[in-house]
Amino acid sequence: MLLEVQNLKTYFPIHRGLLQSVVGYVQAVDGVSFKLQKGETLGLVGESGCGKTTTGRSILRLVEPTGGSVFFEGQNVLHATTDQLKQLRRDMQIVFQDPFGSMNPRMTIRSIIEEGLIVQGIGTPAEREARVHEVIGQVGLEPSCLNRYPHEFSGGQRQRICIARSLILKPKFLVLDEPISALDVSIQSQIINLLVKLREENELTYLFISHDLSVVRYISDRVAVMYLGQIIETAASDELYEHPAHPYTQALLSSIPTVDQSRRKERILLTGDVPSPVNPPKCCRFCPRCSKAQAVCREKIPPVVQIADGHTVQCFFPETGTN
């Protein structure tokens, strides 16, 4: 097992008043658990604001979690000392959503990519230069770009540079935080195919965060659906897309556009607003918007049940195909 996340929680305090007293918490991530095998890609999907990005950043401790455990190759990341965390950075990296915003505009591309090696104290200048040329070639760019600056590149080229930066330390695990959402549609497929190629060549493990459900199905081995800070359904990619069990998952998948009439589903429109993460329901979090909700849904927290091999759902009345 490469990565195991157990009951991860990340709350952000709300300050008010002259003394900035804490009056509450935004429960961005509230009890997320999942496992990742080496070489596997887990897609994490859900509406904007559901906690996907915070989950990815909390795993890497770019945001400090409030509670839970994150085990990477058996080591608890959340209990790691500063020196241990620095060592873990070699194996755990991230590709951000906005490639331009994640790069220092005053640094050359060579400096941006090489920085990780310098911080970690890896290699001589000649060895670092060779490694920089190696990764820039892996992402499909020419060495001539290394003396230029981020503003001189297109969005797709910048994302390739960010991917090269994440690969420079030869990591085992990558968090891909909406890596194509800021790119033109014509470029998105190139970046996705590049990520697939790099995964195979470097034996990488991905946590792929996205709201593009079609892309998630293409790249992911398993998919986890997140709603209001919690994972409510997890299954193998094809299983989840063909047999969604949670009403929220069904609504999400019904929104995927397709030109194939035989695969087109009736659109499920959700009513009502997403409950506040400051004070989420003390029962099923989806029940205020669920057309199938019954009395028990408004009174108790639904259990996580397994309805098929590797297919779990947090719902009192999941769609199992036998209902």
- Query: Checking side-chain hydrogen bond (donor to acceptor under 3.5 Å, both in side chains) for the pair T108/S111: CA distance, chi angles, key distance, verdict?
  - Reply: CA-CA 5 Å; T108 64; S111 298; 3.1 Å; yes
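- A salt bridge is absent between E40 and K35: the closest approach of a Lys/Arg side-chain nitrogen to an acidic carboxylate oxygen does not fall below 4.0 angstrom.
- By the side chain to side chain donor-acceptor pair (under 3.5 Å) test, Y149 pairs with no residue at all, sequence neighbours left out.
- Taking a 4.5 Å side-chain heavy-atom cut-off between Ile, Leu, Val, Met, Phe, Trp and Tyr, the cluster of V313 extends to V305, I307.
- Closest of all the heavy-atom pairs between I113 and A164 is CD1-CB, 4.0 Å.
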- Task: Go through S33 and N7 one step at a time and tell me if the side-chain hydrogen bond (donor to acceptor under 3.5 Å, both in side chains) criterion holds.
- Result: CA-CA 5 Å; S33 300; N7 198 32; 5.2 Å; no
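- For the pair L228 and P275, the tightest heavy-atom approach, listed with the atom from each and the gap, is CD1-O, 3.3 Å.
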- Message: If you apply the rule side-chain hydrogen bond (donor to acceptor under 3.5 Å, both in side chains), what do you find for N193 with Y218, and how did you get there?
- Response: CA-CA 10 Å; N193 289 333; Y218 173 74; 3.2 Å; yes
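- Ring orientation note: the planes of Y227 and F286 are nearly perpendicular, at an angle over 60° on the 30°/60° scale.
- Remark: R131 does not engage E127 in a salt bridge, criterion side-chain N to carboxylate O under 4.0 Å.
- Between Q314 and Q230 the shortest heavy-atom distance is OE1-OE1, 3.6 Å.
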- Please report the C-alpha distance between S21 and R16 in whole Å, then the side-chain angles of each, then the deciding distance to 0.1 Å, and finally whether the side-chain hydrogen bond (donor to acceptor under 3.5 Å, both in side chains) criterion is met. CA-CA 6 Å; S21 301; R16 285 184 186 167; over 6 Å; no
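- Residue S255 comes nearest to L213 through the heavy atom pair OG-CD1, 4.2 Å, listed as atom of the first residue, atom of the second, then distance.
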